[in-house]
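Everything on this sheet refers to the single structure shown next.
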Number of protein chains: 2
Amino acid sequence: MQDIIEILKEHNIAPSMQRVKILEYLQNNRIHPTADIIYQALMDEIPTLSKTTVYNTLNAFIEKGILVALSLFENEVRYEYNTDPHIHFKCSICGKIYDLDKSYDLYKDDFIDGHKVTEHHVNLKGICKNCVKPTTRSTQRLPEIAKRKITKFHTLRS
Amino acid sequence: MQDIIEILKEHNIAPSMQRVKILEYLQNNRIHPTADIIYQALMDEIPTLSKTTVYNTLNAFIEKGILVALSLFENEVRYEYNTDPHIHFKCSICGKIYDLDKSYDLYKDDFIDGHKVTEHHVNLKGICKNCVKPTTRSTQRLPEIAKRKITKFHTLRS
DNA sequence: ACCCGACTTTGTAGTCATTACAAAAATGAG
DNA sequence: CTCATTTTTGTAATGACTACAAAGTCGGGT
């Protein structure tokens with residue numbers, strides 16, 4: 001895609017084959033992949049691909065502002081192409097990460113308590129609509145974690 | 001402190017010396033330490049302490065709901081005793097993490113878009129009031145990152 | 001007090017994600 | 001084509017965390 005080459009050039013990154021393929025993958029697969037997922041996915045197309053190249057490329061993209069790195073939960077780094085404001089929801093059952101397009105107005109000012117805010121992340125965790133099994137009305141067949149009554153935040157962590 | 005032993009018993013954790021010291025440290029040092037920081041800090045008191053014990057203990061505390069593990073930024077796991085809902089702010093200059101007592105009303109309902117929400121994290125990043133050097137009115141002496149004009153989100157909302 | 005079984009701690013070794021580094025390959029200007 | 005620069009690659013190193021088994025600790029029953 002010519003688009004991708006243009007994007008790379010606009011960000012002062014030489015459009016090598018590896019870089020184009022990695023950015024293309026991230027554009028087409030909005031699944032917040034880890035570096036390893038990207039590596040595995042591109043091994044067929046680029047048999048000589050090195051994991052070092054994936055890391056180098058991702059870090060270059062982040063440096064230039066094309067990507068955002070996420071530290072959501074469980075100490076895993078994931079990368080996403082979408083840099084628009086949105087909220088992340090991670091399912092503790094299936095592990096899938098959802099982008100929620102809910103907007104929020106919190107702290108849209110530059111400073112809070114004297115601190116200058118440059119990044120703002122809202123991360124939710126729970127059980128996604130698929131894993132909650134909406135076919136049954138009762139909670140009988142839900143995983144144990146899904147049945148717990150929520151009493152306060154931060155209590156559940158798998 | 002007898003308090004700490006009571007807390008452990010209430011959570012069905014046998015109050016061994018190591019566990020008491022680790023919980024005591026977390027109670028007295030609200031600095032969102034890493035496992036290694038805790039280990040380093042207690043080595044004087046408990047010369048035989050093993051890092052495995054620190055990890056085992058922290059995981060047991062999390063399991064029982066005494067602690068919360070945080071994945072804020074930079075892929076580092078930190079632990080905090082305060083399980084009340086609050087917001088985290090990390091300074092990208094000094095690395096210090098601040099608890100902000102701002103309350104927030106977002107998605108305190110159980111479900112959003114059909115997903116059951118059990119955890120809710122708001123993480124801010126920027127430059128803390130100390131590193132912004134409030135003594136100077138101009139931005140001349142600020143670190144480069146502090147001078148950037150915020151143009152797009154993750155920072156602020158339109 | 002002793003014994004025994006269960007729990008806890010410890011150290012070592014292993015895993016996994018990420019980075020450091022240097023050699024090999026590709027690229028591009030002259 | 002040639003040479004210098006950039007990019008990719010593979011290996012080795014780092015660092016956080018876990019698995020596992022041996023050693024230590026503790027408490028109840030006799």
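Here is the naming used below: chain letters follow the sequence lines, and residue numbers restart at 1 for every chain.
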Pick out the pairs of N or O atoms, protein on one side and nucleotides 15-20 of chain C on the other, that lie under 3.5 Å.
residue, atom, partner, partner atom, Å
C:dT18, OP2, A:Tyr55, OH, 2.4
C:dT18, O5', A:Tyr55, OH, 3.3
C:dT19, OP2, A:Asn59, ND2, 3.4
C:dA20, N6, A:Thr52, OG1, 3.4

Would you check, one step at a time, whether the test side chain to side chain donor-acceptor pair (under 3.5 Å) holds for B:Asn123 with A:His120?
-> CA-CA 6 Å; B:Asn123 302 326; A:His120 184 170; over 6 Å; no
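- Rounded to an integer number of Å, the gap from CE of A:Met17 to C1' of C:dA26 is 11 Å.
- Atom C1' of nucleotide C:dC7 and atom CD of B:Gln18 are separated by 12 Å, given to the nearest angstrom.
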Side chain to side chain donor-acceptor pair (under 3.5 Å) between A:Glu80 and A:His86, worked out | CA-CA 12 Å; A:Glu80 77 168 350; A:His86 60 278; 3.0 Å; yes
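- One can place CD1 of B:Ile46 at 15 Å from C1' of D:dG24, the figure rounded to the nearest angstrom.
- Contact check, B:Ser16 against D:dT25: no side-chain N or O comes under 4.0 Å of OP1 or OP2.
- Heavy-atom minimum distance, A:Lys129 versus B:His115: N-ND1, 2.9 Å.
- Remark: B:Glu10 does not engage B:Lys64 in a salt bridge, criterion side-chain N to carboxylate O under 4.0 Å.
- A straight line from CG of B:Asn56 to P of D:dA16 spans 17 Å, rounded to a whole angstrom.
- Distance, B:Ile5 CD1 to D:dC26 C1': 15 Å, rounded to whole Å.
- Of all heavy-atom pairs between B:Ala35 and B:Val54, the closest is O-CG1, 3.7 Å.
- The interatomic distance linking A:Leu49 (CG) with D:dT7 (P) rounds to 16 Å, in whole Å.
- Rounded to whole angstrom, the span from the CG atom of B:Leu8 across to the C1' atom of C:dT8 amounts to 14 Å.
- Each of D:dT9, C:dG11, C:dT8 was ranked by its minimum atom distance to the side chain of B:Ser50; first place goes to C:dG11.
- Between the CZ atom of B:Arg19 and the P atom of C:dT10 there is a distance of 11 Å, given to the nearest Å.
- When every heavy atom of A:Cys91 is checked against every heavy atom of A:Cys128, the shortest pair comes out as SG-N, 3.4 Å.
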